[in-house]
There are 2 protein chains.
Amino acid sequence: MSVTLKDVAAYAGSGVSTVSVVLNGKGVDNRISEEMIKRIYDAAEHLNYRPNMLARNLRRGNTNIIGFVISDVSNPFFNKLAKHLEAEALKYGYQLFVVGSDEKDERCIEVINVFLSLKMDGLILAATAGIEKKIKQLRNHEVPFLLVDRYFPKIDTNYVVLNNWQAAYDATEHLIKKGKKRISTFSYETKFFHMDERMKGYKAALKDNGIRFNKKLVLKVPFLDIKEEDMKENVRFLVEDCNIDAIFFQTNRTAIPGIMALYELEYKIPDKVAIVCFDDNNFFKMLSPKITSLAQPIEEIAIESVRILIDEIKNKRVDKQKSKTMFSSRLIERESS
Amino acid sequence: MSVTLKDVAAYAGSGVSTVSVVLNGKGVDNRISEEMIKRIYDAAEHLNYRPNMLARNLRRGNTNIIGFVISDVSNPFFNKLAKHLEAEALKYGYQLFVVGSDEKDERCIEVINVFLSLKMDGLILAATAGIEKKIKQLRNHEVPFLLVDRYFPKIDTNYVVLNNWQAAYDATEHLIKKGKKRISTFSYETKFFHMDERMKGYKAALKDNGIRFNKKLVLKVPFLDIKEEDMKENVRFLVEDCNIDAIFFQTNRTAIPGIMALYELEYKIPDKVAIVCFDDNNFFKMLSPKITSLAQPIEEIAIESVRILIDEIKNKRVDKQKSKTMFSSRLIERESS
DNA sequence: ATGAAAGCGCTAACAC
DNA sequence: GTGTTAGCGCTTTCAT
């Protein structure tokens, strides 16, 4: 096996504890002689010693690692979030370990358990829809954790999310102001609370502008497996049979096949059908026409998430008030609306 | 602190080792009485026992975790790769922990060290360009590891990469067959070996088709910070002053601002300037014209990477022959060429 | 100033 | 069949 403290001690001709103290930079504090300190550093370097973190963490009871359960690594929103979380965590001296749940409840729970068993100092969760029970249970554990993007309003936890209601309201009202009257919307078949909020924002904007909500214009597609064929048929149906003049895509993953369908069916954007999409994307400004979207302040979400989590890690208090933060999205008007 | 084996043993009225054996599913093998087994499971459940993996891994000397050092989580190629690696690792019963290096050498080395200290069973590295020394050193450690996408041909390691030479050759020849004669190419200012290969493939295709290589038509942009302004000026220069009729973008990250520049300068694609880009992208078929690209077999790369790594983890042999795999890309012809 | 020893939670060898 | 115990590599208290 690898080089241990004992090996270094033997080589330096000292006791293990002295080596431990010195290599942790507390040599001077503990009045270890300069000569001993040098001997130990030399020995460690010569033997290429690396501390075994399993042993250290076991002993110390902490790890300096934050676990991030990401719902889908290949989702642009979440991987941008991961990138910023990573950078932020690092600023506080924490490593961010990212593990994906592949949007599956069982897997999400398993990953949480793995992080728990590994005694991660804190957890950031981009949860799946059906793990309320696990989240509740997590509150009884001793781990600080925080929900990001997706949350469970009925459970008292830390969270950092978007004001989804307002975002959807803004998008819908924007379309109305552009003179659109028959505005359709695409969402998922899912139990996510934040998707309900988006739907409510859409309805509220219609109502406030004197447009009657029409259930037929709301389409929910499968959360995991969106088929291009179905999407095309959906769009065709909305335009031909329902006579819509705009679509508010509540997510990127519905928007992309949706726009593709509009292209193939050769409906003129925005004259025949105007479009607004949730979550901005690098490519939206490269499409023709350029796509209007709702951009989330991803970096701010990351900064705030890490700040709150680290705060809870440092000031361990069980009775601590949970932190609930909501950010606003920004509507980027382009040519599709 | 949390519930330990000792607590479970006390509650069940048994010894710790019996609990350990039973909870590891080896109760029947070790002829523990059915009654005892039940008592232990009940106790564990009642106390909500979770094994401490730090302790277990320390004792066992392995972790069942593979560490993946990803150069950039938000790079679509790499996060698709991460997703497939994750799925594959899981099939073998391994967790994949993803940590980003942000394309920085020091950070990449640090992450490797963290994984090493945590005694990860194996490492998959999407390395940064300047860590040859670390990779060499890694061979003296006892950890199985594998380089993916980026590799160091001079160092004898496992790797799974693309045949970059061939890919670039194909792309360039494709443009030539389309009647293009003054073909420019975009690459990075970087020491990556695989980028050299791409450049060589480009040159070889020119040569084989009787076109003289023109150094002026090769542009290298900064690896980390590609400015849209500069990109626009580069493209303008190539078209106006060098009279090019095609561009082979050697990476997505150069292609996207490059195409943007072509749009803004209103050069007709493919008539005035034809385009081929390395790495396919969901959006390429949505742009107008649709972009011709070189698609990498990401899933196969992931499958093979995990297979090779796990094989080395299972059959620990120091003298093992290193595995070197090269995949071919596929040219997807669309409208931009 | 430095070292010996206990113990973090677990597993596995060995008693009984 | 089941329990006792050594020890994985580290940190930390307590002697000296």
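Chain letters run A, B, ... following the sequence lines, proteins first and then strands; every chain starts at 1. Keep in mind that this is a model prediction, so the values were computed, not measured.
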Parallel, tilted or perpendicular, as decided by the 30° and 60° cut-offs, for the rings of B/Y11 and B/H46: parallel
Would one find a side-chain N or O of A/R56 under 4.0 angstrom from OP1 or OP2 of D/dT11? yes
Would you say C/dA12 has OP1 or OP2 under 4.0 Å from some side-chain N or O of B/K26? yes
Examine D/dC8: is either OP1 or OP2 under 4.0 Å from a nitrogen or oxygen in the side chain of A/N52? Give yes or no. no
Flag, side chain of B/N52 to backbone of B/L54, donor-acceptor distance under 3.5 Å: yes
To the nearest angstrom, how far is A/M53 atom CE from D/dC10 atom C1'? 11 Å
For the side chain of A/R31, counting heavy atoms from C-beta on, which of D/dT11, C/dA1, C/dA12 is nearest? C/dA1
Using 4.0 Å as the upper bound for N to carboxylate O, is an ion pair formed by A/E103 and A/R150? yes
In whole angstrom, give the distance that lies between atom CG of B/D29 and atom P of D/dG1. 14 Å
Could you check how far CG of A/L23 sits from C1' of D/dT11, rounded to whole Å? 12 Å
Over 60° means perpendicular and under 30° means parallel, so classify the ring planes of B/F115 and A/F97, tilted if in between. perpendicular
D/dT2 C1' sits how many Å from B/E34 CD, rounded? 16 Å
Which part of the nucleic acid does B/N30 contact within heavy-atom distance under 4.0 Å: base, sugar-phosphate only, or nothing? base
Figure out the OH/P separation between B/Y49 and C/dG9, and round it to whole Å. 10 Å
The nucleotide from D/dC10, C/dC10, D/dT2 with an atom nearest the side chain of B/M36 is D/dT2
Touch class at under 4.0 angstrom, heavy-atom based, for A/G13 against every strand present: sugar-phosphate
Find the distance between CD1 (A/I301) and CG (A/L85) and round it off to the nearest 0.5 Å. 9.5 Å
Which listed nucleotide (D/dA6, D/dG3, D/dC10) is nearest to the side chain of B/T18? D/dG3
Quick one: which of C/dG7, C/dT11, C/dT2 gets closest to the side chain of A/I32? C/dT2
When you check the gap from the basic side-chain N to the acidic O, do A/E35 and A/R39 get nearer than 4.0 Å? yes
Tell me the bend of the helix from C/dA1-D/dT16 to C/dC16-D/dG1 as the angle between end helix axes, each from five pairs, rounded to the nearest 10 degrees. 50°
Between A/N79 (side chain only) and A/V73 (backbone N and O only), is there a donor and an acceptor less than 3.5 Å apart? yes
Taken to the nearest whole Å, CG/A/L118 to P/C/dG9 is 15 Å
Between B/R59 and B/E35, who's closer to the 5' end of DNA chain D by nearest nucleotide? B/E35
Look at the side chain of B/S33 and the base of D/dG1, then say whether one donor and one acceptor between them are separated by less than 3.5 Å. no
So that I can tick it off, tell me whether B/E88 and B/R307 are bridged by a salt bridge, with the cut-off set at under 4.0 angstrom between side-chain N and carboxylate O. no
Expressed in angstrom and rounded to an integer, what is the separation of B/L116 atom CG from D/dG9 atom P? 15 Å
Could you give the CD1-to-C1' distance, from B/I37 to D/dT2, as a whole number of Å? 12 Å
Side-chain contact check for B/S17: nearest option of D/dT5, D/dT11, D/dT12 is D/dT5
Per A/A55 side chain, nearest of listed nucleotides D/dG9, C/dC10, D/dT11: D/dG9
Do any side-chain nitrogens or oxygens of B/R60 fall under 4.0 Å of OP1 or OP2 in C/dT11? yes
Between B/K119 and D/dG9, is there a side-chain N or O to OP1/OP2 distance below 4.0 Å? no
Is B/N57 near enough to D/dC8 that one of its side-chain N or O atoms lies under 4.0 angstrom from OP1 or OP2? no
With ring centroids as reference points, do A/F152 and A/F193 lie under 6.0 angstrom apart? no
